[in-house]
Amino acid sequence: MSTPFPFTAVVGQDDLRLALLLNAVSPAVGGVLVRGEKGTAKSTAVRALSALLPEVGVVSGCRFSCDPGSPDPACPDGPHEPGAFESRPARMVELPVGASEDRLVGALDIERALAEGVKAFEPGLLADAHRGILYVDEVNLLHDHLVDLLLDAAAMGASYVEREGVSVRHAARFLLVGTMNPEEGELRPQLLDRFGLTVEVAASREPDQRVEVVRRRLAYDDDPDGFAARWAGEEAAVRQRIVAARELLPSVRLGDGALRQIAATCAAFEVDGMRADIVMARTATALAAWAGRTDVLAEDVRQAALLALPHRRRRNPFDAPGLDEDRLDETLEEFSGDGEDDSEPDPDGGGPGGGGGQPAPDAGPHGGDTAARPETGEGGEPQASGAAEQSPVRAAEPFRAKVLSVPGIGEGAAGRRSRARTEHGRTTGARRPQGKLSKLHLAATVRAAAPHQRTRGRSGPGLVVRRDDLRQASREGREGNLVLFVVDASGSMAARQRMGAVKGAVLSLLLDAYQRRDKVGLVTFRGKDAQVALPPTSSVDAAAARLESLPTGGRTPLAAGLLKAHEVLRVERLRDPARRALVVVVTDGRATGGPEPVALAGRAARLFAAEGVASVVVDCESGPVRLGLAAQLAGELGGTAVTLDELRADSIAGLVRNVQGTSRRAA
């Protein structure tokens, strides 16, 4: 086993190290979510923490790490005889993003079941992590079925396995630590709330600190054991301080004044539920114990709020994280008991991780809405002349959008949009395996082998099984798709009220894509050509930011927009061939500029129809006279058209709409 990088040798990242140490002092805090850009020592710090944790006593031979002082009476390896115990280092178990459900929770030991005819349970990672650390790198990319299992275990402190005739329950209390890069997609709100604390990390911009990071890393890579030995003294000191803080923790007093500050802070920031109050109380208590005190002070409450609230106050995935420190200080001052509440907030206040809310949108070189008055363009609507453009328009309030899904059954990445054959989901039948067996259908395998037991000379309790008897479970779940938005930003769309509604609709679809674990891309067209505003990505936040700053004006090169989208899909098929695409064209259907713009747009649309690409056209045409051009475009694409009003899930036609592709593939 390689020597881990010493925890005390990590340069900077004070908030990250403090959050991890507080959880080492009090595991009841509930774990840490570390958010930040790549290359910021997130994983290094987490892996180094396990070396600082005190050893744990376990019942000898127990696969579920029962505490010898109070063994679990329902332990599958029990009942345990008193006195048989041993000490071992606390484990840090890593959960791979692509792990199977069986690997996480455990499963029936198939080999013993078939060979010996007995029910035997093989523990999973949750059992290994009991009384230790469960670490998930890139936790935001974890499949939904694994997230659900983690939520259940974290909520109940136990893992329940009910499958294939096996019913097992075992304790699963662990310190959950996750790291993620927000650029690769956000985390489900349910799992986000399960992390006690959150920390935002970024690389230092100070040259001296960056030099020290490089110096230490190179020294570690050259001689890991020698480097660790040089930091052994600091590691031992921190380890002893953790032990001392744990011993002091039961004596720490959380007074009524501190409790009122905690409750007032959570109420002021409008966090959901009561978990935030409980986590803040535990964190403030751990902070006092770490400082060697037996009383919780206002500074402990403030620090606890900065660690426990930023990820709980967010209202939707497009809000910026962080906490307004001025507002936090005002709340703490108001409920401090001294009655002083006349101080004005510091206009330059805030600090690292502070300044909640989103920054004001870029007003452009002229500021605000001071763009030049556009000329009247297509359809009598405002249009910028020549290469001029209007400043970006803010999106209207998003709404709950209808479910747009790709027809047929795919085999793409796990998600929540379209039907798919998956490794996880409801079992729909059994089939002979093609290649390596990945998911055994036990009942079908037994049925296939049973008629041949006499001819195979079976004499014992086990079942004589041949390879031809094995059956693969056929399962159906949901997949995530590539939702490629093709947005008309031309002059015909530039009327402010209209473009705001269009952005609001696209924002609503982006929010739906976030919830359904899709990849998204954004192509815009205006003026003379089209551009890829955002290549396909899992970061819906990035797409929302690009949409917010989208300028409008110029002609309507519809054909260029469709051809650019076709090229994006071609490249993406090479990168991710299993992920099916859904093209959402947001336009009024007009096409101008160049020779025969309408005919060119029709030919470009028929490329999608010929390849069976699922598509939908969001018709943005408004006014008493409608030309129906968007519906014609949808027909040439082989898809369907919906108006902005019909896109709402609560509209009159509020049925789930399947996007019809030209292939009309059967389910």
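Below, each value reflects all heavy atoms present in this structure, side chains not excepted, and no hydrogens, waters or symmetry copies. Numbers here simply count residues along the sequence, with the first being 1. Here the structure is a predicted model, which is why all the values come from computation and not from measurement.
Using a 4.5 Å heavy-atom threshold, the side chains of Phe399 and Leu647 count as touching. Side-chain contact between Val136 and Leu142 is present, with heavy atoms from C-beta onward closer than 4.5 Å. Contact annotation: the side chain of Leu33 never approaches that of Leu197 to less than 4.5 Å [non-hydrogen atoms, C-beta and beyond]. Residues Val616 and Val585 fail the side-chain proximity criterion, which asks for heavy atoms closer than 4.5 Å. Inter-residue side-chain proximity for Val139 and Val97 is flagged as unmet; no heavy-atom pair is nearer than 4.5 Å. By the 4.5 Å heavy-atom criterion applied to side chains, Leu569 and Leu482 are counted as neighbours. Between Asp488 and Phe525 there is a side-chain heavy-atom pair separated by less than 4.5 Å. In this structure the side chain of Val584 reaches within 4.5 angstrom of the side chain of Leu509, judged on heavy atoms.
Atoms CG and CZ, from Leu562 and Arg603 in turn, are 12.5 Å apart once rounded to the nearest 0.5 Å. Between the CD1 atom of Ile262 and the OG1 atom of Thr331 there is a distance of 13.0 Å, given to the nearest 0.5 Å. From Arg35, atom CZ reaches atom CD of Glu200 across 4.5 Å, with rounding to the nearest 0.5 Å. Expressed to the nearest 0.5 Å, how far CG of Asn481 lies from CZ of Arg580 amounts to 6.0 Å. Summarising the geometry, atom CZ belonging to Arg400 is positioned 11.0 Å from atom OG belonging to Ser508; distances are rounded to the nearest 0.5 Å. Taken to the nearest 0.5 Å, the CZ atom of Arg526 stands 10.5 Å off from the OG1 atom of Thr556.
Not counting sequence neighbours, the partners of Thr40 by the side chain to side chain contact (heavy atoms under 4.5 Å, CB included) test are Gln13, Glu37, Lys42, Val201, Ala203. Here Arg327 pairs with nothing under the side-chain hydrogen bond (donor to acceptor under 3.5 Å, both in side chains) rule; sequence neighbours left out. Judged as a side chain to side chain contact (heavy atoms under 4.5 Å, CB included), and not counting sequence neighbours, the contacts of Glu567 are Arg570, Val571. Taking the side-chain hydrogen bond (donor to acceptor under 3.5 Å, both in side chains) definition, one finds that Thr524 meets it with nothing, sequence neighbours left out. The side-chain hydrogen bond (donor to acceptor under 3.5 Å, both in side chains) search around Thr179 returns Tyr135, Asp137, not counting sequence neighbours. Under the side-chain hydrogen bond (donor to acceptor under 3.5 Å, both in side chains) criterion, Asn181 pairs with no residue, sequence neighbours left out. Considering only residues two or more places apart in sequence or on other chains, Asp152 meets the salt bridge (Lys or Arg N to Asp or Glu O under 4.0 Å) condition with none of them. By the salt bridge (Lys or Arg N to Asp or Glu O under 4.0 Å) test, Asp512 pairs with Arg417, Arg516, sequence neighbours left out. For Leu629, the side chain to side chain contact (heavy atoms under 4.5 Å, CB included) test picks out Arg590, Leu627, Gln632, with sequence neighbours left out. Pro96 is linked by a side chain to side chain contact (heavy atoms under 4.5 Å, CB included) to Ala99, Leu125, counting only residues two or more places apart in sequence or in another chain. Contacts of Asp529 classified as salt bridge (Lys or Arg N to Asp or Glu O under 4.0 Å), with partners at least two apart in sequence or in another chain: none. Residues forming a salt bridge (Lys or Arg N to Asp or Glu O under 4.0 Å) with Arg194 (at least two apart in sequence, or on another chain): none.
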Could you walk me through whether Leu644 and Asp619 satisfy the side-chain contact (heavy atoms from CB on, under 4.5 Å) test, starting with their C-alpha distance in whole Å, then the side-chain angles of each, then the deciding distance to 0.1 Å, before giving a yes or no? CA-CA 6 Å; Leu644 288 174; Asp619 185 358; over 6 Å; no
Please walk me through it: do Leu484 and Leu582 pass side-chain contact (heavy atoms from CB on, under 4.5 Å)? CA-CA 6 Å; Leu484 182 61; Leu582 171 61; over 6 Å; no
Decide yes or no on side-chain contact (heavy atoms from CB on, under 4.5 Å) for Thr552 and Ser490, but give the supporting numbers first. CA-CA 5 Å; Thr552 57; Ser490 64; over 6 Å; no
Working for side-chain contact (heavy atoms from CB on, under 4.5 Å), residues Val520 and Leu510: CA-CA 8 Å; Val520 295; Leu510 282 172; 4.1 Å; yes
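When all heavy atoms are compared, the tightest approach of Gly638 to Ala609 is N-CB, 4.1 Å. Leu332 and Gln261 get closest at one heavy-atom pair: O-NE2, 3.1 Å. Leu522 and Ala543 make their closest contact through CD2-O, 4.4 Å (heavy atoms, listed as atom of the first residue, atom of the second, distance). Of all heavy-atom pairs spanning Pro310 and Thr198, the tightest one is CB-CG2, 4.1 Å. Here the closest heavy-atom approach between residue Ile409 and residue Glu476 is recorded as CD1-OE1, 4.0 Å. The two residues Arg579 and Asp576 make their nearest non-hydrogen contact at NE-OD2, 3.0 Å.
Under 3.5 Å, the side chains of Asp645 and Thr643 contain no donor-acceptor pair of N or O atoms. If you check the side chains of Ser405 and Ser418, you find no donor sitting under 3.5 Å from an acceptor.
Looking at Glu572 and Lys519, a side-chain N of the basic residue comes within less than 4.0 Å of a carboxylate O on the acidic one, giving a salt bridge. We find that Arg573 and Glu611 are joined by a salt bridge, their nearest charged nitrogen and carboxylate oxygen being less than 4.0 Å apart. Note on Asp193 versus Arg312: salt bridge recorded, some NZ/NE/NH1/NH2 to OD/OE distance being below 4.0 Å. A salt bridge links Glu325 to Arg302: one of the charged nitrogens lies within less than 4.0 Å of a carboxylate oxygen. The pair Glu548-Lys503 fails the salt-bridge criterion, with no side-chain N (NZ, NE, NH1 or NH2) lying under 4.0 Å from an Asp/Glu carboxylate O.
Checking side-chain atoms of Glu621 against main-chain N and O of Gly628 turns up a donor-acceptor pair under 3.5 Å.
In this structure, His311 has its ring center at least 6.0 angstrom away from the ring center of Phe195.
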